[in-house]
Amino acid sequence: MRRRRAASPACDVVVVGSYNQDLIWHAERMPAAGETRPARFSSGPGGKGFNQAVAARRQGARTLLVAAVGRDAFGDRARELAEAEGIDARWQIVAGEATGNAAVWLDAAGGNRILVAPGANALLAPAHVTGQAEAMRAARVLLTQQEVHPVASHRAQQLAAELGLLRIHDPAPAQDGEDARRLCRGCDILTPNESEFLALLEARGLATPDGPLAGLADPALHRLCRLLEVPTVILTLGEAGVFVSHAEPSRHHDAEPYYRLPAEKVDAVDTTGAGDGFNGALAAAIAAEPERPLAGHVHHAIRCAALAVSGHGAAAAMPTREQVEQRFGAAGEP
């Protein structure tokens, strides 16, 4: 039985995930092996957990972030930024380990290549997650990814199931192994991009199609999604939009078991935070209107992701709800 909610919840969305300090190099094109290219440098906050928490908060969700940082300048900066965003961050401070960081290469077309040093993220402890159970009690949605210790994320999913939260899992970055498969099994909604989706199929020993997934007919793509045995799969396909596939018993108020929604046309500047903008906005939208058909929430998340790639940086590029409405109009049905 679902519990009765507090009249004034402390948070709407819980994000258990990573914080990384992004070190970013902007160049006209990526260097080839052994080549040196001129670039412009910048630095800013990132990490899938932090990006998604910022995205959810800027869409109006009261957001709780559970994450780990080192006892260093980057960790100090993480705490300052979370406070400035109005995020209720519950930090595990890991002595003797650096705060996570990422080297990001960006080209003039908005493409990216990224190296991540997880640092403290890899040491996020299940006990620290368990310690936030009371704070999670009034929330509606849990959002997890794959940039922190998988046992900590799985503990968050267990707590969410006990407390009646909807569980969204972003299987990024793609990983193999039983820990990753367990996280996918432990969610209500899975949100892979194309490469992550194919990796999930391959990890299960399943055949993958030739050519891009967007070229498959809807029934065929739905059958592939159902092979993952997750109640709902939201497959993001970049410029080709989004495909949603439900198991019959779980449609989240949608009329159809599967459907596509188109992407918004924007000039991409930096695609680094596209998936994080989508996931954070999706979690915020569901938490705000849980009885609304999922298609409307996905439509809103697509718009948020489009604005996120229109700006520079990851967390810094996440749009506010006002910016989304100014660009696309008030939220409506797709």
Side-chain angles (χ1 to χ4, degrees), residues 5-20 44-69 75 77-92 100 121 124 128-129 131-145 147-148 152-153 155-157 159-160 163-170 172 187-189 191 273-290 297 300-301 303-305 307-308 313-324 331:
R5 299 194 177 276
S8 300
C11 64
D12 306 306
V13 172
V14 179
V15 181
V16 176
S18 56
Y19 177 88
N20 289 322
K48 290 188 175 300
F50 188 77
N51 294 343
Q52 292 175 8
V54 171
R57 182 71 190 101
R58 291 186 180 180
Q59 292 307 305
R62 289 164 290 193
T63 304
L64 175 73
L65 171 66
V66 184
V69 293
R77 183 60 175 153
R79 295 193 292 274
E80 293 170 359
L81 290 167
E83 183 175 358
E85 289 287 343
I87 295 169
D88 181 3
R90 308 296 176 91
W91 300 105
Q92 176 186 341
N121 293 314
L124 181 63
H128 183 68
V129 175
Q132 317 313 318
E134 188 59 34
M136 293 171 62
R137 188 170 299 278
R140 293 187 182 276
V141 178
L142 169 73
L143 180 54
T144 54
Q145 326 78 32
E147 273 190 340
V148 298
S153 296
R155 179 60 186 137
Q157 290 181 334
L159 278 174
L163 297 171
L165 279 63
L166 179 79
R167 298 160 298 171
I168 302 174
H169 183 62
D170 174 15
C187 70
D188 302 294
I189 297 176
T191 61
D276 296 335
F278 179 90
N279 280 282
L282 178 68
I286 293 173
E289 298 181 88
H297 300 319
H300 178 71
R303 291 178 163 186
C304 291
L307 283 191
M318 300 301 153
T320 64
R321 189 169 188 87
E322 291 73 18
Q323 288 171 330
V324 175

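For the numbers below, each heavy atom of this structure counts, side chains included, while hydrogens, waters and symmetry mates do not. The structure presented is a predicted model; accordingly, all values stated were derived computationally and were not measured.
Between atom CG of residue Leu307 and atom CZ of residue Arg58 there is a gap of 12.0 Å, rounded to the nearest 0.5 Å. Separation of atoms SG (Cys187) and CG (Leu143) is listed at 10.5 Å; rounding is to 0.5 Å. The OG1 atom of Thr63 sits 11.0 Å away from the CD atom of Gln52 when rounded to the nearest 0.5 Å. For the atom pair Glu134 CD and Leu159 CG, the distance stands at 11.5 Å (nearest 0.5 Å). Atom CZ in Arg140 sits 11.5 Å away from atom CD1 in Ile286 (nearest 0.5 Å). Distance CG/Leu282 to CD/Gln59: 11.0 Å, rounded to 0.5 Å.
A donor-acceptor contact shorter than 3.5 Å is absent between the side chain of His169 and the backbone of Ser153. Side-chain atoms of Asp12 do not come within 3.5 Å of backbone N or O of Ala139 as any donor-acceptor pair. Side chain of His300 to backbone of Val324: no donor-acceptor contact under 3.5 angstrom is found.
Checking Asn51, Asn20, Leu81, Val54 one by one against Pro45, the side-chain contact (heavy atoms from CB on, under 4.5 Å) holds for a single residue, Leu81. Only one option out of Asn279, Asp170, Leu166 pairs with Ile189 in a side-chain contact (heavy atoms from CB on, under 4.5 Å); it is Leu166. For the side-chain contact (heavy atoms from CB on, under 4.5 Å) test with Gln132, the passing option among Val14, Asp88, Val66 is Val66; the others fail.
Atom CD of Glu80 has more than 12 heavy atoms from other residues, nucleotides or ligands within 6.0 Å.
Gln157 is linked by a side-chain hydrogen bond (donor to acceptor under 3.5 Å, both in side chains) to nothing, counting only residues two or more places apart in sequence or in another chain. Ser18 pairs by the side-chain hydrogen bond (donor to acceptor under 3.5 Å, both in side chains) definition with Glu147, not counting sequence neighbours. Applying the side-chain hydrogen bond (donor to acceptor under 3.5 Å, both in side chains) criterion to Arg167, with sequence neighbours excluded, gives Asp188. Taking Glu322 as the reference, nothing meets the salt bridge (Lys or Arg N to Asp or Glu O under 4.0 Å) condition, with sequence neighbours excluded. Remark: Ala55 pairs with Met318 by the side chain to side chain contact (heavy atoms under 4.5 Å, CB included) rule, at least two apart or across chains. Residues passing the salt bridge (Lys or Arg N to Asp or Glu O under 4.0 Å) test with Asp276, sequence neighbours excluded: Lys48.
The minimum heavy-atom distance linking Ala135 with Cys11 is given by the pair O-SG, 3.4 Å. Across every non-hydrogen atom of Ala138 and Ala10, the tightest pair is CB-N, 4.0 Å. The minimum heavy-atom distance between Ala53 and Val15, with the atom names listed, is CA-CG2, 4.0 Å. Here the closest non-hydrogen pair linking Trp91 and Ala78 is CZ2-O, 3.6 Å. Contact between Asn121 and Ala68 at its shortest, heavy atoms only, is OD1-O, 3.6 Å. The shortest non-hydrogen separation linking Ala82 to Ala89 is CB-CB, 3.8 Å.
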